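Presented below is the structure to which this report refers.
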Amino acid sequence: MDDVTIEDLTEAEHQWLQALQGGLLQMGVKDAATLCAVFLEAREAWWDLPAAERPDPNPTINAFGAGIGQLFVDDLGLRWALVTDTRGSELGVVGEPSLVLYPTNAVAKRWSGENQSTLEDYLVQVSETVRDLQARRHGR
């Protein structure tokens, strides 16, 4: 993490996340299971369209990234931040010690098929790993 800087979000970034999360609520997403199910439906519907008719997937990917990240914030005591590294800046979810997650990137890889694990698998794996790290940090 030598070349990584972590900064608090600006008010505009907070508002953008809230708008994305509000869009998920309008789609009926209220918990992790629903988020994963709605993601699969949206992804399948998008891939079922002819390539020339597919809309830009980034707004949808950003919304689901905001939803996944907020689950980590709520369930694991992490926080949103602007993370800058050698590849650029991205909203991430961070915690101690030196924990950085990129939920939108994880969603994008599952949307594109670059990563074959499900969003649910990602949620479970990351949650278990973070809880284990937190327990070890606190000597449990």
Side-chain angles (χ1 to χ4, degrees):
M1 297 238 333
D2 289 338
D3 293 332
V4 175
T5 59
I6 296 173
E7 301 172 86
D8 291 335
L9 298 185
T10 65
E11 185 58 32
E13 290 162 338
H14 278 293
Q15 289 176 1
W16 185 63
L17 278 173
Q18 289 173 344
L20 291 171
Q21 294 160 357
L24 289 175
L25 285 173
Q26 289 177 343
M27 293 190 302
V29 173
K30 296 181 181 176
D31 57 32
T34 308
L35 184 137
C36 292
V38 172
F39 171 80
L40 282 177
E41 290 171 14
R43 182 183 182 275
E44 288 172 10
W46 188 85
W47 280 104
D48 284 346
L49 291 172
E53 295 177 24
R54 292 179 190 147
D56 179 5
N58 287 315
T60 304
I61 290 168
N62 286 335
F64 283 99
I68 293 286
Q70 194 60 45
L71 288 171
F72 294 145
V73 168
D74 294 343
D75 296 343
L76 301 171
L78 305 179
R79 68 180 177 90
W80 284 102
L82 181 65
V83 182
T84 303
D85 61 20
T86 57
R87 292 170 290 200
S89 296
E90 184 173 348
L91 294 186
V93 175
V94 300
E96 298 298 327
S98 304
L99 175 68
V100 178
L101 302 171
Y102 299 95
T104 302
N105 185 275
V107 169
K109 287 182 177 184
R110 282 149 185 84
W111 185 276
S112 69
E114 182 179 336
N115 188 308
Q116 295 297 309
S117 72
T118 65
L119 211 51
E120 183 177 13
D121 290 342
Y122 172 74
L123 275 168
V124 169
Q125 180 182 19
V126 168
S127 295
E128 287 175 355
T129 300
V130 170
R131 283 189 181 99
D132 183 53
L133 289 170
Q134 289 171 333
R136 280 194 261 157
R137 184 168 187 249
H138 293 96
R140 290 183 235 144

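Model, not experiment: these values are computed from the prediction. Excluded from the calculations below are hydrogen atoms, water molecules and symmetry mates; all remaining heavy atoms, backbone and side chain alike, are included.
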Item to check | Derivation of the side-chain hydrogen bond (donor to acceptor under 3.5 Å, both in side chains) call for Arg110 and Ser117 | outcome: CA-CA 7 Å; Arg110 282 149 185 84; Ser117 72; 2.9 Å; yes

Next on the checklist: Walk me through whether Asp85 and Val4 qualify under side chain to side chain contact (heavy atoms under 4.5 Å, CB included).
Outcome noted: CA-CA 5 Å; Asp85 61 20; Val4 175; 3.9 Å; yes

Item to check | side chain to side chain contact (heavy atoms under 4.5 Å, CB included) evaluation trace for Thr104 with Leu91 | outcome: CA-CA 8 Å; Thr104 302; Leu91 294 186; 6.0 Å; no

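Among all heavy-atom pairs drawn from Leu82 and Ser89, the shortest one is CD1-CB, 4.0 Å. The two residues Gly67 and Leu24 have their closest heavy-atom pair at CA-CD1, 3.5 Å. Closest approach of Ile6 and Ala81 over heavy atoms only: CG2-CB, 3.6 Å.
Using modelled atom types, one side-chain atom of Glu13 and one backbone atom of Thr10 make a donor-acceptor pair closer than 3.5 Å. With hydrogens and angles disregarded, no donor-acceptor distance shorter than 3.5 Å links the side chain of Asp132 to the backbone of Glu128. Proximity of a side-chain donor or acceptor of Gln134 to a complementary backbone N or O of Leu76 within less than 3.5 Å is detected.
Atom CG of residue Leu20 and atom CD of residue Gln70 lie 11.0 Å apart, to the nearest 0.5 angstrom. Between atom CZ of residue Arg79 and atom CG of residue Asp8 there is a gap of 5.0 Å, rounded to the nearest 0.5 Å. Note: Ile68 CD1 to Leu119 CG = 4.0 Å, rounded to the nearest 0.5 Å. The CZ atom of Arg43 lies 10.0 Å from the CD1 atom of Ile61; values are rounded to the nearest 0.5 Å. We find the CD-OG1 distance between Glu90 and Thr84 to be 10.0 Å, quoted to the nearest 0.5 Å. Distance CD/Gln116 to CG/Asp121: 11.5 Å, rounded to 0.5 Å.
In this structure, Arg131 and Asp75 have side chains that are in contact, with non-hydrogen atoms separated by less than 4.5 Å. Looking only at side-chain heavy atoms (C-beta outward), Leu71 and Pro103 stay at 4.5 Å or farther from each other. With a 4.5 Å cut-off on side-chain heavy atoms, Asn115 and Tyr122 do not count as touching.
Leu133 and Phe72 fall into different hydrophobic clusters, where Ile, Leu, Val, Met, Phe, Trp and Tyr are joined by side-chain heavy atoms under 4.5 Å apart, directly or via other members. Hydrophobic clustering (ILVMFWY, side-chain heavy atoms < 4.5 Å, transitive): Val38 and Val124 are in distinct clusters. Transitive grouping of hydrophobic side chains (ILVMFWY, heavy atoms separated by less than 4.5 Å) brings Val29 and Trp46 into a common cluster.
Phe39 is linked by a ring-ring contact (aromatic ring centres under 6.0 Å, His included) to Phe64, Trp111, counting only residues two or more places apart in sequence or in another chain.
The neighbour count for Gln125 CD, taken as heavy atoms of other residues, nucleotides or ligands under 6.0 Å away, does not exceed 12.
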